[in-house]
Amino acid sequence: MPQPHLRTVVVLAAGEGKRMKSTLPKVLHPLLGRTLLGHVLSAAAPLAADRTVVVVGHGADQVRAHLTEVAPDATPVLQAEQLGTGHAVRIALDAVPDGAGTVVVINGDVPLLRPETVGALVTAHEEAGAAATVLAAEVPEPTGLGRIVRDADGRLEQIVEERDADATQRAIREINAGIYAFDAVRLREALGKLSTDNDQGEEYLTDVFGLLRSAGEPVAVHVAVDHVETLGCNDRVELATLRRLLRDRVNEAWMRTGVSLLDPATTWIDVTVALDRDAVIDQNTQLCGGTVVGTGALIGPDVTLIDTVVGPGASVVRSHAVGAEVGAGATVGPYAYLRPAARLAEKAKVGTFVEVKNSQIGAGSKVPHLTYVGDATIGEQSNIGAASVFVNYDGVNKHRTVIGSHARTGADNMFVAPVEVGDGAYTAAGSVIVDDVPPGAMGVARARQRNIEGWVVKRRAGTAAAEAAQRARDAQGASEVTGAASDSEAMHGATETVGGASGTGDTATE
Ligand code: UD1
Ligand code: CA
């Protein structure tokens with residue numbers, strides 16, 4: 001019986017990444033929605049490998065913890081001392097059962113690698129029946145990288161590290177991308193013969209190619225179509241460059257599927273985000289994590305959405321949202337802050353300087369201005385007056401506020417939870433609502449106003465205020481004498497306000 005042809009993926013992620021100058025292991029640095037390691041693993045995912053081994057070393061605990069999150073099927077293998085890439089692969093293979101098949105090795109720090117490219121490398125390797133195939137690329141700036149040295153016939157002779165290379169070899173611009181496919185049996189054999197006779201005294205995986213070639217085994221080079229995919233990440237300047245390159249790739253892909261990006265240069269979309277056709281993304285916008293934007297929605301300018309779902313036709317302007325849901329046709333901002341479990345139903349509105357946390361805002365309900373809504377349920381078609389606070393925290397426990405449907409609460413209310421305002425109820429401006437307001441009732445909770453006539457003229461005599469007051473009183477006296485109509489009543493019902501129940505003289509903003 002033929003041996004099963006297994007595919008094993010080995011990701012090398014034990015290095016420290018000294019030049020990152022970070023307490024975070026290099027492969028855990030984030031790049032548009034995934035870590036460097038996460039990108040590499042997802043590039044290898046379509047290979048559907050029988051097993052995936054990740055060699056960990058520096059920050060092993062952190063890397064292992066990350067793997068349980070993003071790739072629970074991968075096996076971490078500890079390389080306690082980083083004695084070279086060849087040593088790392090040897091340790092990885094020691095941890096898996098012997099057998100024939102293909103071993104794909106990927107450096108953990110090449111996040112722009114595409115699944116298609118890994119697939120093409122493996123296919124070329126397997127179809128050619130090669131002992132080893134290296135992914136190569138012609139690059140403008142080869143400094144620091146291993147060079148592909150070919151013989152007179154153009155066949156791979158060896159891979160030479162820059163520090164071990166002579167001047168002629170250094171002039172080569174075809175480099176080793178750090179991504180390989182090997183025949184498992186021949187790889188194991190060659191790994192056992194690696195020397196440490198090089199400038200770094202390490203076991204180089206790249207030496208496997210020279211060894212196999214000398215033994216007459218077929219070794220091959222697969223040239224990447226786009227060298228950008230092979231760019232590694234060694235410091236934060238390179239990380240920023242990779243981020244820009246990935247941004248451009250992601251943005252172009254979305255535009256080609258029918259999403260408008262008004263300023264792609266300032267639009268940063270994680271690879272994990274999903275956008276529907278005809279969404280419009282305005283400038284200075286970041287869409288992160290599990291964010292989903294529905295068709296026809298308008299996002300931006302100046303918006304950050306993290307793990308937030310925006311329904312079709314909704315709009316979010318100059319706002320920050322984390323773990324929120326914005327229903328179809330709902331509007332958010334400018335200047336709103338949606339925190340986890342803020343849920344806006346269809347056509348709800350959260351306006352300017354409004355913060356919402358762990359609250360449902362029902363269909364068509366509005367929280368237009370300057371308000372904190374925490375731990376609340378608001379029914380449908382209700383309006384929350386400006387400058388209100390849902391007082392949810394007693395210093396020890398959080399409590400809920402429930403506002404019914406078609407309710408209109410006055411401006412500057414405090415809802416001291418737990419408290420409930422019934423369907424169709426109103427509350428008066430400036431109220432501190434500590435008791436439930438039954439459906440249809442007007443809740444008033446504030447002291448009555450008292451005017452002390454003539455106080456300023458008497459107690460602040462000689463001030464501009466007193467003089468102005470005196471002039472107004474004189475004029476009023478004159479108009480009373482002539483019987484002119486006062487328009488103070490019209491002033492009371494100024495635009496943007498609606499009168500409260502008659503007798504309270506309250507107004508609520510809309
Ligand atoms: C390596 C290649 C070089 C290639 C370059 C591409 C070797 C000897 N050289 O060089 O030809 O052009 O990648 O980026 O392989 N690692 C371990 N354990 C170790 C050493 C390294 O896990 O003992 C990991 C690192 O974390 C990293 C990867 O292997 O993810 C590559 O190691 P690195 O030291 O960056 O190799 P380069 O010098 O860049
Ligand atoms: Ca490197």
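All values below come from the heavy atoms of this structure, side chains included, with hydrogens, waters and symmetry mates left out. First listed ligand is number 1; within each ligand, the first listed atom is number 1.
- Near Leu83, the atoms of ligand 1 lying under 4.0 angstrom from a non-hydrogen atom of the residue are 23 (O).
- Between Thr85 and ligand 1, an N or O atom pair is found at a separation short of 3.5 Å.
- Atoms of ligand 1 lying under 4.0 Å from any heavy atom of Ala177, numbered from 1 in the order shown and given with element: 6 (C).
- Note: Phe209 and Tyr204 fail the aromatic proximity criterion, with ring centroids not under 6.0 Å apart.
- Of all the atoms in ligand 1, the ones that sit under 4.0 Å from a non-hydrogen atom of Gly108 are 30 (O).
- For Asn176, a nitrogen or oxygen atom sits less than 3.5 Å from a nitrogen or oxygen atom of ligand 1, counting backbone and side chain alike.
- Against a heavy-atom cut-off of under 4.0 Å, Tyr204 is close to the following atoms of ligand 1: 8 (C).
- The shortest N or O to N or O distance between Gly178 and ligand 1 is not below 3.5 Å.
- No N or O atom of Leu145 sits closer than 3.5 Å to an N or O atom of ligand 1.
- The contact set between ligand 1 and Ala14, taken as ligand atoms under 4.0 Å from a residue heavy atom, comprises 17 (C), 18 (N), 22 (O), 26 (O).
- Polar contact check, Gln79 against ligand 1: a nitrogen or oxygen pair lies under 3.5 Å apart.
- Of all the atoms in ligand 1, the ones that sit under 4.0 Å from a non-hydrogen atom of Ala13 are 22 (O), 26 (O).
- Using a 4.0 Å cut-off between heavy atoms, Leu12 contacts ligand 1 through both its backbone and its side chain.
- Counting all heavy atoms, side chain and backbone alike, Ile269 lies closest to Asn251 at CD1-OD1, 3.6 Å.
- Between Leu212 and Asp183, the closest side-chain pair of non-hydrogen atoms is not below 4.5 Å.
- Judged by distance alone, the side chain of Thr230 and the main-chain N or O of Ala177 form no donor-acceptor pair under 3.5 Å.
- Between Asn284 and Thr266, the shortest heavy-atom contact is N-OG1, 2.9 Å.
- Contact annotation for His87 and ligand 1: no heavy atom of the residue comes within less than 4.0 Å of the ligand.
- Tested against Lys26, the residues Thr35, Asp235, Asn234 include a single side-chain hydrogen bond (donor to acceptor under 3.5 Å, both in side chains) partner, Asn234.
- In summary, Arg64 and Glu69 do not engage in a salt bridge, as defined by a charged side-chain N under 4.0 Å from a carboxylate O.
- Polar contact check, Ile159 against ligand 1: no nitrogen or oxygen pair lies under 3.5 Å apart.
- The minimum heavy-atom distance between Ala136 and Val221, with the atom names listed, is CB-CG1, 3.5 Å.
- In terms of polar-atom proximity, Ala88 is not counted as a contact of ligand 1, lacking any N or O under 3.5 Å from an N or O of the ligand.
- Neither the backbone nor the side chain of Glu202 has a heavy atom within less than 4.0 Å of ligand 1.
- Close N/O approach between Asn234 and ligand 1 is not found [any backbone or side-chain N/O within under 3.5 Å].
- When only interatomic distances are considered, the shortest N/O to N/O separation between Glu161 and ligand 1 falls below 3.5 Å.
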